[in-house]
Amino acid sequence: MDLKLKIHNSLSKKKELFTPINPGFVGLYVCGPTVYGEPHLGHARPYITFDVLYRYLDHMGLKVRYVRNITDVGHLEDELAGTGEDKIAKKARLEKLEPMEVVQTYTNSFHDKMDMLNNKRPSIEPRASGHIIEQIEMVKQIIANGLAYEVNGSVYFDVMKYHEDHNYGELSGRILEDLIAGAGEERRTLEGQKEKRNSVDFALWKNASPEHIMRWPSPWGIGFPGWHLECSVMSAKYLGETFDIHGGGMDLLFPHHECEIAQAKGATGKNPVNYWMHNNMITINGKKMGKSLGNFITLSEFFSGDHKSLEQAYSPMTIRFFILQAHYRSTVDFSNEALQAAEKGYNRMVNAKNTLNKLVHPGNEKAGNENAEAAILALCERCFDHLNDDINTAQVLAELFEVSSKANAYQNKQADIAELSLSTFDKMRKIFNLMFTDILGIRDESTADQGGEKLDGVMNLVIDIRKSAREKKDWDTSDKIRDSLNELEINIKDGKEGTTWN
RNA sequence: GGUCGCGUGGCCGAGCGGUUAGGCAGUGGUCUGCAAAACCUCGUACGGCGGUUCAAGUCCGUCCGCGACCUCCA
């Protein structure tokens, strides 16, 4: 099939037509979380963004191998004292847990939250700690190529040497001379800085001090792998030395992804990634929500509403809808008002979806209104155009809102469903469901959808009783039923065609 | 300080050379026992100042404001 998907490549800073290396197959790697804390709103964004990409590629008939790692070792934490303690190890010490216990706890939580957000699980979810041998091998290769050096049991990547034949900064736009010149006073105190030939060099392998908990033997002594190595190693192992798409948050662009490129080229000489994609940040009061500022709200807190900044609980689908209403490369600012707007929009669209799926078309093969017919057909096409234009989910949702209005109008007889031909109506319904459910990955959280047959039966009975009451103008009974159901979060709507609920 | 990005109506957010984004809130209607929902209607926005162009939120310059990265971060 002819691919028309254009994606913004961070490497060229342009939208490029996506062409997979192997026709029909796509290798997709997304940087996963470091599992040392509860996942927060910021984590929702990349995984929803790339989930939609994954779903869309899949819809187009491509066989996608989606690899997303779990970082359970390796990130150094630069304490003020400069001890360079591993994040996982630090958390373990603070919580008096085994490091792997910490890892498991937060990995489980991460999985739970991702499931709730309706993100599909990746094809492979490798852990850094399970690939120590491969990481050591890659370090050896880079040393053999003369682009890394060992000092006191640690191995550093020689950026200056690499830059002689390559361009360190090709992704981030950094200029090496500026990086060296711009090294501030505060950075001089960081662990290992004095061992490096140059301040811009980064660790591939770090010597472990005796009190360091996570440690592995290596040709350079007991230690642990460096910051950026795992992604290079695991992407190469499962997707090949050069693969199609690498995604992640913009905050990872430098140094993490820049270093990945350098490591990969330093090891294999090959460009590791054809298309780099970066999602923008979620902000709170205009500032990036993240660990370092401590201004994050966890997904659990959103789902329960249990946080001082939250006026209410927000469901997983409200969060998903909220994120999808903005383009992935724009920042999106959190606020209660914005989330409440997303919640209402989401509810409106879900209700419209259910309405649409229950509509019965009279079956006319000719459109009653050629203009309406043409408009709907054009709208259907535009949904795909928007996705092809760098996954513009905001525009897709705008189109689906148009369909929602139509569906409601047909239901209420405020517009004639026969204005569309049967085939166009079917197409509209099919594409709405495809976009909403399959590609945008939005799930129906309403009671009606989850109550099952028994609830349906009960509700039919209740509505029938209420109908009798209403016919007798027994408004007390009628309103009592409505109010009581409301308390159970079941809403009654009296329409022309009878009463419905959700 | 360096590199990059952003500033759109009350709020959130698409668009990025000429045509309605959309959602939420608000206005006025229709419907309705009441309510809710729904549908229709209305608002005419693109930080300031210059410039390019027949035509500019949309391109260029400049100024102001904000942010990201340069240290772990999605």
Side-chain angles (χ1 to χ4, degrees), chain A residues 13 30-34 36-37 39-50 71 74-79 87 169 172-175 177-179 181-184 186-187 190 200 227 247-256 278-283 286-293 296 321-322 325-327 329-335 337-349 351-352 355 386 389 392-402 404-415 470 473-475 478-479 482-483 486 491-496 500 502:
Chain A
K13 296 181 176 61
V30 176
C31 286
T34 304
Y36 65 111
H40 59 78
L41 219 214
H43 292 101
R45 175 98 109 141
Y47 306 126
I48 288 172
T49 297
F50 293 106
T71 297
H75 281 305
L76 276 187
E77 192 156 279
D78 297 305
E79 301 290 283
K87 278 198 172 179
S172 61
R174 285 304 124 130
I175 294 154
E177 290 70 36
D178 292 347
L179 286 172
E186 66 277 13
R187 282 201 276 158
L190 295 186
V200 292
W227 298 261
M250 268 183 189
D251 49 353
L252 299 179
L253 205 141
F254 189 88
H256 186 56
H278 291 94
N279 63 277
N280 215 136
M281 300 293 104
I282 288 181
T283 59
K287 292 260 196 314
K288 173 183 160 185
M289 181 183 282
K291 278 278 174 193
S292 30
L293 288 172
F296 61 92
F321 201 85
F322 172 66
Q325 270 194 297
H327 185 88
R329 283 191 291 113
S330 301
T331 53
V332 60
D333 197 52
F334 155 82
S335 71
E337 216 181 349
L339 276 176
Q340 282 157 15
E343 180 180 52
K344 288 185 180 173
Y346 163 72
N347 285 331
R348 191 158 104 79
M349 199 175 280
N351 290 337
T355 300
H386 297 319
D389 184 17
N392 196 329
T393 55
Q395 296 260 232
V396 174
L397 282 174
E399 302 292 356
L400 297 189
F401 271 115
E402 296 296 320
S404 298
S405 293
K406 275 283 184 190
N408 285 323
Y410 294 149
Q411 168 68 19
N412 296 341
K413 306 284 189 243
Q414 284 151 329
R470 292 180 72 210
K473 299 201 189 301
D474 178 2
W475 310 127
S478 163
D479 290 351
R482 186 171 67 196
D483 295 344
N486 232 314
N491 301 309
I492 290 284
K493 287 185 277 191
D494 297 323
K496 272 186 180 161
T500 57
N502 64 55

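Remember, predicted model here, so these are calculated numbers, not experimental data. Below, read A as the first sequence line, B as the second, and so on, with proteins coming before strands; counting in each chain starts at 1.
- The partner of B:rC39, taking Watson-Crick or G-U wobble pairs whose two distances both stay under 3.5 Å, is B:rG29.
- Using atom P as the reference point in both B:rG47 and B:rC42, the two lie 26 Å apart (nearest Å).
- With A:Thr49 contributing its side chain and A:Arg45 its backbone, the two residues share a donor-acceptor pair below 3.5 Å.
- Taking the C1' atoms as reference points, B:rG48 lies 12 Å from B:rG7, given to the whole Å.
- A:Ile175 comes within 4.0 angstrom of no nucleic acid atom, judged by non-hydrogen atoms across all strands.
- Neither OP1 nor OP2 of B:rA68 sits under 4.0 Å from any side-chain N or O of A:Thr283.
- Residue contacts for A:Met250: at a heavy-atom cut-off of 4.0 Å it reaches no nucleic acid atom on any strand shown.
- Base pairing of B:rA14: no nucleotide in any strand meets the Watson-Crick or G-U wobble criterion (both distances under 3.5 Å).
- Nucleotide B:rG61 has B:rC49 as its partner under the Watson-Crick or G-U criteria, with both atom distances under 3.5 Å.
- The shortest heavy-atom contact between A:Ser335 and A:Ala338 is OG-N, 3.0 Å.
- The gap from the P atom of B:rC49 to that of B:rA14 amounts to 26 Å, rounded to the nearest Å.
- OP1 or OP2 of B:rG67 has at least one side-chain nitrogen or oxygen of A:Lys287 nearer than 4.0 Å.
- Pairing for B:rA68 is with B:rU3, a Watson-Crick or G-U wobble pair whose two hydrogen-bonding atom distances lie under 3.5 Å.
- Atom pair A:Ile282:CD1 and B:rG13:P shows a separation of 10 Å (rounding to whole Å applied).
- Residue contacts shown for A:Gln340 are absent, as no nucleic acid heavy atom lies under 4.0 Å away.
- In this structure, A:Ala338 reaches the sugar-phosphate backbone alone: every heavy-atom distance under 4.0 Å involves primed, P, OP1 or OP2 atoms, never a base.
- Residue contacts for A:His40: at a heavy-atom cut-off of 4.0 Å it reaches a base atom on one of the strands shown.
- Each of B:rA74, B:rG23, B:rA14 was ranked by its minimum atom distance to the side chain of A:Ala341; first place goes to B:rG23.
- The same atom, P, is picked in B:rG9 and in B:rG57; the two are 15 Å apart, to the nearest Å.
- Spacing between B:rA45 and B:rG10 at atom C1', rounded to whole Å, works out to 12 Å.
- Comparing B:rG67 with B:rA55, their C1' atoms sit 33 Å apart, to the nearest whole Å.
- When heavy atoms are screened at a 4.0 angstrom cut-off, A:Leu397 is found touching no nucleic acid atom at all.
- Nearest-nucleotide assignment on RNA chain B puts the 5′-proximal partner with A:Asn392, out of A:Gly32 and A:Asn392.
- Checking A:Thr283 against A:Asp333 by side-chain atom types alone, a donor-acceptor pair falls below 3.5 Å.
- In this structure, NZ of A:Lys13 is placed 10 Å from C1' of B:rU3, rounded to the nearest angstrom.
- Within 4.0 Å (heavy atoms only), A:Val30 reaches no atom of the nucleic acid at all.
- Here A:Tyr47 lies in heavy-atom contact (under 4.0 Å) with sugar-phosphate atoms only.
- With B:rC24, B:rG22, B:rC72 as the candidates, the nucleotide lying closest to the side chain of A:Lys344 is B:rC24.
- No contact: A:Met349 has no heavy atom under 4.0 Å from any strand.
- A:His43 contributes a side-chain N or O that, together with a main-chain N or O of A:His40, makes up a donor-acceptor pair within less than 3.5 Å.
- Of the nucleotides present, none pairs with B:rA21 by Watson-Crick or G-U wobble criteria with both distances under 3.5 Å.
- Separating the C1' atom of B:rC34 from that of B:rC24 is a span of 26 Å, rounded to the nearest Å.
- Between A:Tyr346 and A:Phe321, the ring-plane angle classifies as perpendicular under the 30° and 60° cut-offs.
- Distance check, rounded to the nearest 0.5 Å: CG of A:Asn351 to CD of A:Gln411 gives 11.5 Å.
- Counting any heavy atom pair closer than 4.0 Å across all strands shown, A:Gly42 reaches a base atom.
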message: One pair to check against side-chain contact (heavy atoms from CB on, under 4.5 Å): A:Trp227 and A:His256. What are the steps and the verdict?
response: CA-CA 8 Å; A:Trp227 298 261; A:His256 186 56; 5.7 Å; no

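- Annotation: cation-pi pair A:Arg174/A:Phe254 present, NZ/CZ under 6.0 Å from the ring centroid and within 45° of its normal.
- Closest to the side chain of A:Met281, from the set B:rG13, B:rA74, B:rG23, is B:rA74.
- With a glycosidic angle no more than 90° from 0, B:rG57 adopts the syn conformation.
- Contact check, A:Lys291 against B:rA74: no side-chain N or O comes under 4.0 Å of OP1 or OP2.
- One N or O donor and one acceptor, one from the side chain of A:Lys288 and one from the base of B:rC73, sit under 3.5 Å apart.
- B:rG28 and B:rG13 have their C1' atoms separated by 26 Å, given to the nearest Å.
- Formation of a donor-acceptor pair under 3.5 Å by the A:Asn408 side chain with backbone atoms of A:Ser404 is found in this model.
- When both distances must be under 3.5 Å, the Watson-Crick or G-U wobble mate of B:rA56 does not exist.
- Within the 4.0 angstrom heavy-atom criterion, base atoms lie near A:Gln395.
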Protein proximity profile, nucleotides 28-43 of chain B - base contact B, sugar-phosphate-only contact S, no contact -, cut-off 4.0 Å on heavy atoms: -----BBBBSBS----

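- Residues A:Arg329 and A:His278 share a closest heavy-atom pair of CG-O, 3.6 Å.
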